[in-house]
Amino acid sequence: MKKILVICSAGISGMILAKKLNTFFKNLNKEVKVDFTVGEIFINSNGNDFYDMYILSPQIKYLYGSIEKLINCKDKIIKISSDDYSIDDLKITKITNLVMNKFKKEGLNG
């Protein structure tokens with residue numbers, strides 16, 4: 001199973017996005033689990049490398065550099081633009097496709 005962590009500003013949008021992504025991946029019969037956390041909490045805990053991929057929300061743009069240092073692998077990061085950071089089905093499909101394409105590129109079958 002592949003694991004993804006959504007990192008956002010306050011946790012509310014990240015929680016909703018993670019829930020929607022979990023539903024989408026389940027409907028695609030993909031073994032992918034999506035969790036969420038808050039950027040400040042992730043940094044204060046010195047991050048972790050337990051995830052195959054990290055989705056960064058646009059609200060934590062000011063933390064991108066710190067998060068990238070903790071993850072130490074830019075290939076595992078997807079930065080979502082403010083235009084695409086939404087929970088409507090069209091945007092969730094786009095984010096799901098970004099993740100699946102990244103998994104394929106990295107040789108990780110989701």
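Numbers here simply count residues along the sequence, with the first being 1.
Taking CD1 of I80 as the reference point, atom CD1 of I78 lies at 6.0 Å (rounded to 0.5 Å). To the nearest 0.5 Å, atoms CG (L63) and NZ (K69) are separated by 12.0 Å. Between I7 atom CD1 and I41 atom CD1 the span is 11.0 Å, to the nearest 0.5 Å. Between atom CE of residue M1 and atom NZ of residue K3 there is a gap of 9.5 Å, rounded to the nearest 0.5 Å.
Applying the salt bridge (charged side-chain N to carboxylate O under 4.0 Å, His left out) rule to K19 yields no partners; only residues at least two apart in sequence or on another chain are considered. By the side-chain contact (heavy atoms from CB on, under 4.5 Å) test, S9 pairs with Q59, I60, sequence neighbours left out. Residues passing the ring pair (Phe, Tyr, Trp, His ring centres under 6.0 Å) test with Y51 are Y54, sequence neighbours excluded. Qualifying side-chain contact (heavy atoms from CB on, under 4.5 Å) partners for I12, counting only residues two or more places apart in sequence or in other chains: I16. Contacts of N27 classified as side-chain contact (heavy atoms from CB on, under 4.5 Å), with partners at least two apart in sequence or in another chain: T23. Not counting sequence neighbours, the partners of D35 by the salt bridge (charged side-chain N to carboxylate O under 4.0 Å, His left out) test are K33. Remark: F36 pairs with V6, M15, A18 by the side-chain contact (heavy atoms from CB on, under 4.5 Å) rule, at least two apart or across chains. Partners of T96 according to the side chain to side chain donor-acceptor pair (under 3.5 Å) rule, which considers only residues two or more places apart in sequence or in another chain, do not exist here.
Note on L56: it does not cluster hydrophobically with L98, by side-chain heavy-atom contacts below 4.5 Å among ILVMFWY residues. At a threshold of 4.5 Å between side-chain heavy atoms, the hydrophobic network of Ile, Leu, Val, Met, Phe, Trp and Tyr places V38 and I67 in two separate groups. In this structure, F103 is a member of the same hydrophobic cluster as L21, with clusters built from ILVMFWY side-chain heavy atoms closer than 4.5 Å. Note on M100: it clusters hydrophobically with I55, by side-chain heavy-atom contacts below 4.5 Å among ILVMFWY residues.
Counting heavy atoms from C-beta outward, Y85 and C8 have side chains that approach closer than 4.5 Å. Residues Y64 and I77 have side chains not in contact (no heavy-atom distance under 4.5 Å, counting atoms from C-beta outward). Contact annotation: the side chain of F25 never approaches that of K2 to less than 4.5 Å [non-hydrogen atoms, C-beta and beyond]. Looking only at side-chain heavy atoms (C-beta outward), M53 and K102 come within less than 4.5 Å of each other. Looking at D52 and I4, their side chains never come closer than 4.5 Å, going by heavy atoms from C-beta outward.
Put simply, the residue from I92, V34, V32 that forms a side-chain contact (heavy atoms from CB on, under 4.5 Å) with F24 is I92.
Grouped with L90 in a hydrophobic cluster is no other residue, since no side-chain heavy-atom contact under 4.5 Å to another Ile, Leu, Val, Met, Phe, Trp or Tyr is found. Taking Ile, Leu, Val, Met, Phe, Trp and Tyr as members and joining any whose side-chain heavy atoms lie under 4.5 Å apart, directly or through other members, L28 forms no hydrophobic cluster with any other residue.
Residue pairs meeting the side-chain hydrogen bond (donor to acceptor under 3.5 Å, both in side chains) criterion with at least one member in residues 37-46, sequence neighbours excluded: E40-Y62. For residues 77-89, the salt bridge (charged side-chain N to carboxylate O under 4.0 Å, His left out) pairs, not counting sequence neighbours, are K20-D89, E68-K79, D84-K91, D84-K94.
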